[in-house]
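See below for the structure under consideration.
As the structure is a computational prediction, the values presented were derived from the model and not from experiment. Numbers restart at 1 for each chain; the letters A, B, ... are given by sequence-line order, proteins then strands.
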2 protein chains.
Amino acid sequence: MTKDTPRQGGRQLPTAEELRIWRDFIETTDVLRSRIASRLQSESALSPGDYAVLLALTEAPEQQMRSSELAAHIGWERSRLSHHLGRMERRGLIRRQECATDPRGAEVHLTAAGAEAFRGSTVPHLRAIRELFVDALTPDQLVAAGEIAAALRAHLDTRQAK
Amino acid sequence: MTKDTPRQGGRQLPTAEELRIWRDFIETTDVLRSRIASRLQSESALSPGDYAVLLALTEAPEQQMRSSELAAHIGWERSRLSHHLGRMERRGLIRRQECATDPRGAEVHLTAAGAEAFRGSTVPHLRAIRELFVDALTPDQLVAAGEIAAALRAHLDTRQAK
DNA sequence: CCTCCCGGGTTGACATGTCAATCCAAAGCT
DNA sequence: AGCTTTGGATTGACATGTCAACCCGGGAGG
């Protein structure tokens, strides 16, 4: 009965049940992500990327940051950030300015329009998170979700290092 | 002491702890998704989208499907599928052919190259799922992950209908 | 000084997604 | 027949991501 699923270390592939959970999990988190993104978009005309950048700048001393510092802070590749900042600059949400101390570098500044857009987006965004995520789960499930995230993160980190 | 978090129905915004869990959860699932995608890419030269399409076609009777049927099956908008099929057709993974019964429609056929690419990707992909997802969690956590996904899905569905 | 390399950033090419507009043939309606 | 509607699918414009190549200003060695 269990002959076809070799024990411990021999088994490399997920069982049908494990696979079902995987698919459920990954597809559902994807839907969740896109629903939150769409609420943010329709309520504030901001993308999740915009929000992340504006959040970081808003919290930064003097509402400005070096480009690579910002990239590290939100966990993006520099190239991605550079493209995104270009689009945000066109929309007037941020401003790039050459760095005083290092002529190679660039400082990213929050503009008044950017600060305004971020302020207006915060409450609706948090409300969406509450409605679509927090309210969907029991308190136990919420805690479990946090633990699952932590376990996954830890596991991914060890695998990365290798 | 609890005066600042109105009870039941009054509170719209997540608490700091709920927000922390949200961020952990969504960021971690994102990293997980991209790590799995990158394994799939490097081991099989397929994107997650390619994989979903090839999986559906492989399991379809006669390895072919109507375009909108396929879209419904994998939960994509038709436009997205159309763009993706264009790219896959250029790479020779699938073939589009006008439908015999409905002159408006298109049939999507798996090609030999597509079937081959899918066959070669299956085991490495499943192994990646096992290594990066299943192995990261305890059996209890795995079950909890499934329940969380189900709860989220159910909640999102009711919100969608509204 | 000159060359080589490095770190900060940008750029271009391309894959992937969304949205709205369009095309076309089949049905309905008049 | 002529006109509108509907359903299947594609298209174009644009946002977002990744990857690799590039530009540019400093050093480090020679």
What does [X] touch in the nucleic acid at a heavy-atom separation under 4.0 angstrom: a base, only the sugar-phosphate, or nothing?
X	answer
A/R91	nothing
B/S82	base
A/R87	base
B/H84	sugar-phosphate
B/S47	sugar-phosphate

Distance check: side-chain N/O of B/R96 vs OP1/OP2 of D/dA9, anything under 4.0 Å?
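No, because none of the side-chain N or O atoms of B/R96 sits under 4.0 Å from OP1 or OP2 of D/dA9.
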Under 4.0 Å between a side-chain N/O of B/R80 and OP1 or OP2 of C/dC19, yes or no?
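No, no such contact exists.
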Do A/V134 and B/W22 come close enough that some side-chain heavy atom pair is under 4.5 Å?
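In short, these two side chains do not touch, never coming nearer than 4.5 Å.
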Atom-pair distance ([atom1] on [X]; [atom2] on [N]), nearest Å:
X	N	atom1	atom2	result
A/M88	C/dG9	CE	P	17 Å
A/Q41	D/dT16	CD	C1'	11 Å
A/R66	C/dG8	CZ	P	8 Å
A/L70	C/dG8	CG	C1'	14 Å
B/H83	D/dA13	NE2	P	11 Å
B/E89	D/dT11	CD	C1'	15 Å
B/R78	C/dT18	CZ	P	14 Å
B/E98	D/dT10	CD	P	12 Å

Measure from the side chain of [X], starting at C-beta and using heavy atoms only, and say which of [options] lies closest.
X	options	result
A/S68	D/dT10, C/dG9, D/dA13	C/dG9
B/S79	C/dA13, D/dT11, C/dT10	D/dT11
B/E77	D/dG17, C/dC19, C/dA15	C/dC19

Nearest-nucleotide comparison on DNA chain C, the residue closer to the 5′ end among A/S34 and A/L81
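Nearest nucleotide further toward 5': that of A/L81.
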Does [X] come within less than 4.0 Å of [Y], counting only side-chain N to carboxylate O?
X	Y	value
A/E116	A/R119	yes
B/E107	B/R66	no
B/R20	B/E17	yes

How does the hydrophobic cluster around A/L81 look, that is, which other residues are in it when side-chain heavy atoms under 4.5 Å mark a link?
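A/L81 clusters with A/L40, A/L46, A/Y51, A/V53, A/L54, A/L55, A/L57, A/M65, A/L70, A/I74, A/W76, A/L85, A/M88, A/L93, A/I94, A/V108, A/L110, A/F118.
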Assuming nearest nucleotide by heavy-atom distance, tell me which of B/S38 and A/D50 is located more 5' along DNA chain D.
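Final value for this comparison: A/D50.
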DNA chain D: 5'-proximal contact among A/G49 and B/E107 (nearest heavy atom)
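The residue closer to the strand's 5' end, by nearest nucleotide, is B/E107.
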